[in-house]
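Since the structure comes first, as structure tokens, the remarks are kept for the end.
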Amino acid sequence: VKAAMVEESAFDVTVFSNSPAVLQQIKAGSMILRNAASAGKAQLQESLEGFFQELELKRFSAASTDKAKNTGGVSGVSAEAKAPAGDREIVASIMKEMVIKLAEFW
């Protein structure tokens with residue numbers, strides 16, 4: 001989203017990755033969002049929903065043993081009391097909020 005909101009010429013100083021494939025995917029997505037925002041609220045909403053659907057194709061895994069085992073619990077809730085939300089659920093929740101807010105204000 002940030003890459004779509006800045007000038008296209010600022011992409012290289014806005015987005016960082018050591019993977020050319022990831023950079024290309026982000027650049028393509030930013031162009032889709034930029035064009036949709038120019039086309040109007042309905043097109044932007046549709047494009048954002050497309051990104052939400054793409055999330056279903058992504059694979060998430062723990063970056064550490066502590067994360068994988070919920071060492072120390074989450075937000076004061078012990079690991080035994082409640083399993084934490086998975087990364088996919090967290091990202092989906094953020095994206096749902098983003099879809100609503102961006103469609104209203106962009």
Side-chain angles (χ1 to χ4, degrees):
V1 171
K2 185 174 185 176
M5 296 177 86
V6 300
E7 293 292 327
E8 193 172 347
S9 61
F11 182 84
D12 293 334
V13 296
T14 305
V15 180
F16 302 94
S17 175
N18 59 355
S19 169
V22 169
L23 287 171
Q24 182 56 40
Q25 185 177 20
I26 293 170
K27 191 171 202 171
S30 70
M31 292 173 68
I32 290 168
L33 283 177
R34 189 177 296 114
N35 292 337
S38 297
K41 185 176 178 178
Q43 186 63 36
L44 179 60
Q45 180 77 31
E46 184 179 320
S47 294
L48 290 168
E49 288 294 336
F51 285 103
F52 183 73
Q53 291 172 5
E54 187 176 331
L55 175 65
E56 295 301 318
L57 305 175
K58 303 294 182 190
R59 186 173 65 96
F60 292 85
S61 61
S64 72
T65 304
D66 287 344
K67 168 66 174 165
K69 293 184 177 186
N70 188 30
T71 301
V74 176
S75 300
V77 177
S78 72
E80 296 80 30
K82 179 181 176 186
D87 290 342
R88 180 183 307 278
E89 290 79 20
I90 292 168
V91 172
S93 174
I94 292 167
M95 287 181 68
K96 284 179 183 178
E97 279 186 48
M98 181 185 71
V99 166
I100 293 166
K101 291 185 190 268
L102 283 178
E104 289 176 17
F105 299 109
W106 193 353

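This one's a predicted model, so the numbers in the text were calculated from it and none came from an experiment. For the numbers below, each heavy atom of this structure counts, side chains included, while hydrogens, waters and symmetry mates do not.
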* Asked: Between Phe51 and Val1, is a side-chain contact (heavy atoms from CB on, under 4.5 Å) present by the stated rule, with each step listed?
  -> CA-CA 11 Å; Phe51 285 103; Val1 171; over 6 Å; no

* To do: Mind running side-chain contact (heavy atoms from CB on, under 4.5 Å) on Glu46 and Glu49 for me, showing each step along the way?
  => CA-CA 5 Å; Glu46 184 179 320; Glu49 288 294 336; 5.8 Å; no

* What do the steps show when you test Val15 against Lys27 for side-chain contact (heavy atoms from CB on, under 4.5 Å), and what is the final call? -> CA-CA 9 Å; Val15 180; Lys27 191 171 202 171; over 6 Å; no

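Judged by distance alone, with hydrogens and angles left aside, the side-chain atoms of Ser93 form no donor-acceptor pair with the main-chain N or O of Glu89 at under 3.5 Å.
Looking at every heavy atom in both residues, Ala3 comes nearest to Ile26 through CB-CG2, 4.4 Å. In this structure, Leu33 and Ser47 approach most closely via the heavy-atom pair CD2-CB, 4.4 Å.
Rounded to the nearest 0.5 Å, atoms CG (Leu23) and CG (Asn18) are 8.5 Å apart.
A chain of hydrophobic side-chain contacts below 4.5 Å, direct or via other Ile, Leu, Val, Met, Phe, Trp or Tyr residues, connects Leu55 to Leu44. Criterion: ILVMFWY side-chain heavy atoms under 4.5 Å apart, direct or through other members. Under it, Ile32 and Phe11 are not part of a common hydrophobic cluster.
For Glu7, the CD atom counts as loosely surrounded, since its 6.0 Å shell holds 12 or fewer non-hydrogen atoms of other residues, nucleotides or ligands.
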